[in-house]
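What follows is a set of notes on a single structure, which appears directly below.
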Amino acid sequence: MLNKIEKIKAELLDELKNIDSVEKAEEIRLKYFSRKGKFANLFEEFKQLPKEEKPKVGQFLNQVRGELTNLFEETHVSLKSSSKSMENYIDLTLPAKRQKIGTVHLLNQTLREIKDIFKSLGFSVYEGPELESDHFNFESLNFPPDHPARDMQDTFFVNPNFLLRTHTSPVQARLMQKTEPPIRAIIPGKVYRNEAISAKSYCLFHQVEGLYVDTDVTFAELFGTLVSFAKTFYGDDVKYRFRPSFFPFTEPSSEVDIWWEPKGKEGRWLEILGCGMVDPNVLEFNGIDSEKYTGYAFGLGIERMTMLKYGIDDIRVFFDNDKRFLEQF
Ligand code: DAH
């Protein structure tokens, strides 16, 4: 019996050496350690032994089974953890997964393009606050209190003196108050209006303001600059018209329309900007000598300009953050 135990021990040790999978380990457990396994059989045989032999054989059998059970468990555990580490194994030679990256928002693409065009014409870029005072948004631009022109712009007031700017024009006044001419600036930014939201209007949109103040600035220069801008932005064959208009801060004032002909539909004129010669009152109010200096100003509507260029017919798509729309550009 002792020999038999030795033999099974050697056999099992041999099998443990070659064990290479969890399945194989399970096979060994069944073969040796289960209720019908080889050790269970040995214990059955042990019961039949004559009394005098039992102590010695029993001790040996228990010892061997104990040792081998431990050894088996150890092998089994290390096998399981190594197969786990295979699961987490990273193959550094594989090609990388392509990460999805975002796109520059179409409005920002337009803004960048506009800035580049005006920079090439000698304009510098400035910014101003979106939370603005009544003083800068209206008064400094020749809108006295109760002036009817204030109704042109439905305003979000924060308190009686502060508001969300309704246009980028207040930054003109800010620049004039702190800079000696010549001033040649563009001012991009967000503006806010308390308007009913529709395909045509939104409570928030973008403008780029332009201001040029120097000696002898003329309307002809304003005209030339805007035409050259429109041709660069929309292409040489762009159809445009200057239409007389009114703004409290310019005199004379004009609006510029661009001809828009969507495929299969009737064409029409769309307004993209307001402009004019800076009213002498505005120059004086903001500390510039109107006898010595003249200036022109303009304000571009960025959403409008973008819609026209790309054939988009609903302003709300710019603010929906729908990737299916944004990724097209
Ligand atoms: N601020 C005007 C608006 O939002 C647009 C505008 C018109 C700006 C004429 C100008 C300008 O600088 O000269 O409706």
Side-chain angles (χ1 to χ4, degrees), residues 114 118 121 123-130 132-143 147-156 163-177 183-195 200-214 217-227 229-230 240-258 270-283 285-286 288 290 293-305 315:
I114 292 173
F118 281 106
L121 296 172
F123 287 76
S124 310
V125 181
Y126 292 87
E127 284 185 5
E130 288 172 29
E132 188 54 284
S133 62
D134 185 280
H135 169 82
F136 279 114
N137 197 83
F138 291 122
E139 278 211 61
S140 65
L141 295 168
N142 209 20
F143 291 81
H147 191 285
R150 287 186 178 222
D151 287 348
M152 284 162 70
Q153 307 184 348
D154 301 312
T155 310
F156 285 116
L163 45 90
L164 293 177
R165 67 178 178 196
T166 57
H167 50 177
T168 42
S169 305
V171 194
Q172 281 189 34
R174 286 178 173 275
L175 278 179
M176 287 190 261
Q177 287 187 20
I183 304 169
R184 199 199 281 258
I186 57 162
I187 305 131
K190 291 192 178 74
V191 303
Y192 301 85
R193 293 206 192 159
N194 189 5
E195 280 175 4
K200 283 211 177 96
S201 58
Y202 202 71
C203 51
L204 145 78
F205 56 99
H206 296 75
Q207 290 186 335
V208 172
E209 193 76 14
L211 175 69
Y212 179 32
V213 182
D214 203 347
V217 176
T218 63
F219 195 93
E221 279 175 86
L222 170 62
F223 183 88
T225 304
L226 291 178
V227 169
F229 165 74
Y240 58 86
R241 72 175 181 195
F242 280 67
R243 184 167 39 75
S245 184
F246 169 80
F247 299 101
F249 38 94
T250 44
E251 182 60 35
S253 306
S254 175
E255 281 173 312
V256 174
D257 301 332
I258 299 287
L270 279 184
E271 177 218 322
I272 58 156
L273 66 88
C275 64
M277 298 307 290
V278 181
D279 193 306
N281 281 342
V282 172
L283 292 174
F285 188 95
N286 293 297
I288 290 178
S290 65
Y293 296 107
T294 53
Y296 68 65
F298 55 86
L300 312 173
I302 305 312
E303 279 73 2
R304 262 298 171 78
M305 294 189 53
I315 190 171

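On a predicted model such as this, the values are computed, not experimentally measured, just so you know. Just so you know, ligand 1 is whichever comes first in the structure, and atom 1 is the first atom listed for that ligand.
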Is there a heavy atom of R193 sitting under 4.0 angstrom from any atom of ligand 1? yes
Mind listing the closest non-hydrogen atom pair of T155 and T166 along with its distance? OG1-CG2, 3.6 Å
Run the side chain to side chain contact (heavy atoms under 4.5 Å, CB included) test on V171 and E127 for me, step by step, so that the C-alpha distance in whole Å, both residues' side-chain angles and the decisive distance to 0.1 Å come before the verdict. CA-CA 7 Å; V171 194; E127 284 185 5; over 6 Å; no
Polar contact flag for F247 and ligand 1 (N/O pairs, less than 3.5 Å): no
Taking all non-hydrogen atoms of both residues, which atom of R304 and which atom of E271 are closest, and how far apart? NH1-O, 2.8 Å
Test log, rule side chain to side chain donor-acceptor pair (under 3.5 Å), inputs Y212 and T225: CA-CA 11 Å; Y212 179 32; T225 304; over 6 Å; no
Closer than 4.0 angstrom: is that true for some heavy atom of E255 and an atom of ligand 1? no
Checking side-chain hydrogen bond (donor to acceptor under 3.5 Å, both in side chains) against Q172, which of Q177, E209, H167 comes through? E209
Contact (N/O only, under 3.5 Å) between G210 and ligand 1: no
Any carboxylate oxygen within less than 4.0 angstrom of a Lys/Arg side-chain nitrogen, looking at E195 and K200? no
Can you list the ligand 1 atoms lying under 4.0 Å from a non-hydrogen atom of Q207? 3 (C), 4 (O)
Please tell me whether F229 and F298 form a close aromatic pair, meaning their ring centres lie under 6.0 Å apart. no
Does an N or O from S169, backbone or side chain, lie closer than 3.5 Å to an N or O of ligand 1? yes
Can you tell me which residue and heavy atom of the protein come closest to atom 11 (C) of ligand 1, and the distance to 0.1 Å? F249 CE1, 3.4 Å
Within 4.0 Å of some non-hydrogen atom of T250, the atoms of ligand 1 are 13 (O)
Proximal ligand 1 atoms for Q172, defined as those under 4.0 Å from one of its heavy atoms: 12 (O)
Under 4.0 Å from one or more heavy atoms of G276, ligand 1 contributes atoms 13 (O)
The protein heavy atom nearest to atom 12 (O) of ligand 1 is E209 OE2, 2.6 Å
Do any N or O atoms from the side chain of R165 and from the backbone of N137 form a donor-acceptor pair under 3.5 angstrom? no
